[in-house]
Amino acid sequence: MKKVLITGGAGFIGSHVVRLFVNQYQDYLIYNLDALTYAGNLENLTDVENKSNYKFIKGDITDGDFINDLFSDIQFDAVIHLAAESHVDRSISDPLSFINTNIIGTVNLLNAAKSVWEGNWSDRLFYHVSTDEVYGSLGDTGFFVESTSYDPKSPYSASKASSDHLVRAYGNTYGLPYVISNCSNNYGPNQFPEKLIPLCINNIKNNKPLPIYGKGENIRDWLYVKDHATAIDNVFHKGENGETYNIGGHNEWTNIDLVRLLCDVMDEALEQEIGTSQKLITFVKDRAGHDLRYAIDASKIDKELSWKPSLTFEEGIKKTVKWYLDNESWLDHVTSGKYQQYYQSQYEER
Ligand code: NAD
Ligand code: TYD
């Protein structure tokens, strides 16, 4: 059986990727390696935890000795690397943990893969799941393409840019087979409620203010998380060694328009008068160094790997709202304890 290591599989995107691979590829053994930080939650995977082709390993990618031992014990055939610190605001208040996990952690995985695969690269693959934020910020026009120069502007995006460069460097220097994909903003079930969409859903539920940074004019290109998981499946199976694929939703929204739409969908779902939730919108101090606009040209993955997003934003947002309202206990669990204290202090600062 092909042994596939998925890192960060207990997190938001990783859990959708693990589920897809475990269910779709029963001839693969899927290993989910995750440190279970505040963002990792095994409740995201209760439906697959007892499947015979799935194993969970609790462990930290920043621990090089542990990673080396793990690779020599299990001899993985392929790695899909998603484990990361992923929230821009946290990277502003604590850059070092992003350097450790996103850069050192990635190098530990690259070193371990190199040492067990060297001399026998065939049918091996190191897949780095990355972000469009490595390209920096766009003005009113234009799109990120795969050849756009890197220009990361936050500690988060700089750490992801660095790990992308290291993956390419290992490919170029040692011959490590790799692919990279750079995706736009994801949304959907299981996203930790510090990111814009689940944060607003949670705050509307609790009748709390919806903090909009600056004037709410920043633009993001949103993709439903299950569409990202199918894109990752395509890149993993059909992507060319050494290639990069941009993944996006062709779906740009200013933050304020998105939050207004979300408010209306929430009002409908909660059977309250349309306009009720919009009253919670509160403009707050802007994020430091806030990137203005991200937008992906996803024509390469469409043409070469026949991948397209399947859901419209209106469909995706309705599904997302329904999931959060149907899964109150998930929200209660992840918003208790450490996260609550962090969120409170960030919010008070603004
Ligand atoms: P997430 O924060 O929800 O999950 C990250 C997971 O990694 C968690 O389960 C966490 O426990 C685990 N992790 C963190 N540090 C670890 C460590 N040191 N060792 C082992 N595991 C560790 O993140 P996400 O939103 O699911 O993002 C997954 C990946 O996709 C990241 O690499 C991110 O950069 C990338 N990405 C995210 C988006 C997005 O919109 N969320 C878009 C494009 C790319
Ligand atoms: P976020 O979900 O943190 O993703 P990213 O920073 O990776 O794009 O933020 C999405 C957009 O929403 C971004 O422009 C910042 C903005 N934002 C707010 O206005 N208020 C908030 O409380 C948060 C978390 C984000």
Side-chain angles (χ1 to χ4, degrees), residues 3-26 28-61 76 78-87 90 101-102 105 109 127-131 160 181 183-199 201-202 222-236 247 249 309-311 316 319-336 339:
K3 292 185 222 164
V4 180
L5 174 68
I6 300 182
T7 70
F12 165 49
I13 301 169
S15 60
H16 292 278
V17 176
V18 166
R19 177 174 300 102
L20 186 156
F21 273 70
V22 168
N23 289 331
Q24 203 135 303
Y25 301 104
Q26 279 159 30
Y28 293 180
L29 208 46
I30 303 299
Y31 294 85
N32 170 14
L33 169 66
D34 199 295
L36 300 181
T37 67
Y38 76 95
N41 183 354
L42 290 176
E43 281 177 66
N44 296 346
L45 288 166
T46 44
D47 56 326
V48 299
E49 69 189 6
N50 293 321
K51 301 255 172 150
S52 58
N53 65 335
Y54 170 73
K55 287 193 187 345
F56 174 68
I57 303 163
K58 184 170 187 301
D60 190 330
I61 59 168
F76 304 110
V79 177
I80 307 178
H81 174 35
L82 296 104
E85 287 294 337
S86 67
H87 189 42
R90 284 181 192 252
T101 294
N102 300 0
L109 292 165
Y127 179 178
H128 187 224
V129 175
S130 191
T131 167
K160 292 295 290 188
S181 58
C183 188
S184 63
N185 287 59
N186 284 215
Y187 69 99
N190 301 120
Q191 188 171 31
F192 195 83
E194 63 185 350
K195 306 268 169 64
L196 181 66
I197 290 179
L199 180 136
I201 293 174
N202 192 34
W222 293 92
L223 179 68
Y224 192 63
V225 63
K226 292 187 187 185
D227 279 332
H228 188 188
T230 64
I232 289 173
D233 180 14
N234 272 270
V235 172
F236 181 78
I247 305 170
S310 70
L311 287 187
K319 273 177 178 282
T320 304
V321 163
K322 180 167 173 7
W323 186 86
Y324 279 91
L325 295 181
D326 289 348
N327 287 276
E328 282 205 335
S329 64
W330 184 95
L331 256 184
D332 289 345
H333 294 166
V334 303
T335 54
S336 56
Y339 161 73

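Position 1 is the first residue of the sequence, and the numbers go up from there. Quick caveat: nothing in here was measured; it's all calculated off a predicted structure.
In terms of heavy atoms, E85 sits closest to T101 at N-CG2, 3.8 Å. V334 and P193 get closest at one heavy-atom pair: CG2-CD, 3.7 Å. The minimum heavy-atom distance linking A83 with T7 is given by the pair N-OG1, 3.0 Å.
Side-chain N/O atoms of K226 and S310 include no donor and acceptor closer than 3.5 Å. Under the 3.5 Å distance criterion, with hydrogens and angles disregarded, no donor-acceptor pair is assigned to the side chains of Y224 and T320. Under the 3.5 Å distance criterion, with hydrogens and angles disregarded, no donor-acceptor pair is assigned to the side chains of W323 and N190. With hydrogens and angles left out, the side-chain atoms of N53 and Y25 include no donor and acceptor closer than 3.5 Å. Side chain to side chain, K51 and N23 meet the donor-acceptor criterion of an N or O pair below 3.5 Å.
From Y324, atom OH reaches atom CD1 of I197 across 9.0 Å, with rounding to the nearest 0.5 Å. Distance check, rounded to the nearest 0.5 Å: CD1 of I201 to CG of L325 gives 7.0 Å. Taken from NZ in K58 to CG in D34, the straight-line distance is 9.0 Å, to the nearest 0.5 Å. The line from NE2 of H333 to CG of N327 is 11.0 Å long, rounded to the nearest 0.5 Å. L33 CG to H81 NE2: the interatomic distance, rounded to the nearest 0.5 Å, is 9.5 Å. Atoms CD1 and CD1, from I80 and I6 in turn, are 4.5 Å apart once rounded to the nearest 0.5 Å.
Residues E194 and Y38 meet the side-chain proximity criterion, which asks for heavy atoms closer than 4.5 Å. Residues Y187 and K319 fail the side-chain proximity criterion, which asks for heavy atoms closer than 4.5 Å.
With sequence neighbours excluded, no residue forms a salt bridge (Lys or Arg N to Asp or Glu O under 4.0 Å) with D332. Qualifying salt bridge (Lys or Arg N to Asp or Glu O under 4.0 Å) partners for K322, counting only residues two or more places apart in sequence or in other chains: D326. Residues meeting the ring pair (Phe, Tyr, Trp, His ring centres under 6.0 Å) test with Y54, sequence neighbours left out: none.
Few gaps surround NZ on K3; more than 12 heavy atoms of other groups in view lie less than 6.0 Å from it.
N186 places a side-chain N or O within donor-acceptor distance of the main-chain N or O of S184, the cut-off being under 3.5 Å. Listed for the S15 side chain is no donor-acceptor partner under 3.5 Å among the backbone atoms of A10. The backbone N or O of V129 lies less than 3.5 Å from a partner atom in the side chain of K160, making a donor-acceptor pair. Listed for the H16 side chain is a donor-acceptor partner under 3.5 Å among the backbone atoms of P189. A donor-acceptor contact shorter than 3.5 Å is absent between the side chain of N44 and the backbone of F12. Between the side chain of N202 and the backbone N or O of P198 there is no donor-acceptor pair closer than 3.5 Å. Between the side chain of D233 and the main chain of A229, no donor-acceptor pair closer than 3.5 Å is present.
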Exercise for the section: Please test L36 against F56 for side chain to side chain contact (heavy atoms under 4.5 Å, CB included), starting from the C-alpha separation and ending with a verdict. Expected result: CA-CA 11 Å; L36 300 181; F56 174 68; 3.9 Å; yes
Handout entry: Evaluation steps, side chain to side chain contact (heavy atoms under 4.5 Å, CB included), between I13 and I232
Key = CA-CA 10 Å; I13 301 169; I232 289 173; 4.3 Å; yes
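Using cut-offs of 30° and 60° on the angle between ring planes, the pair F21 and Y28 is tilted.
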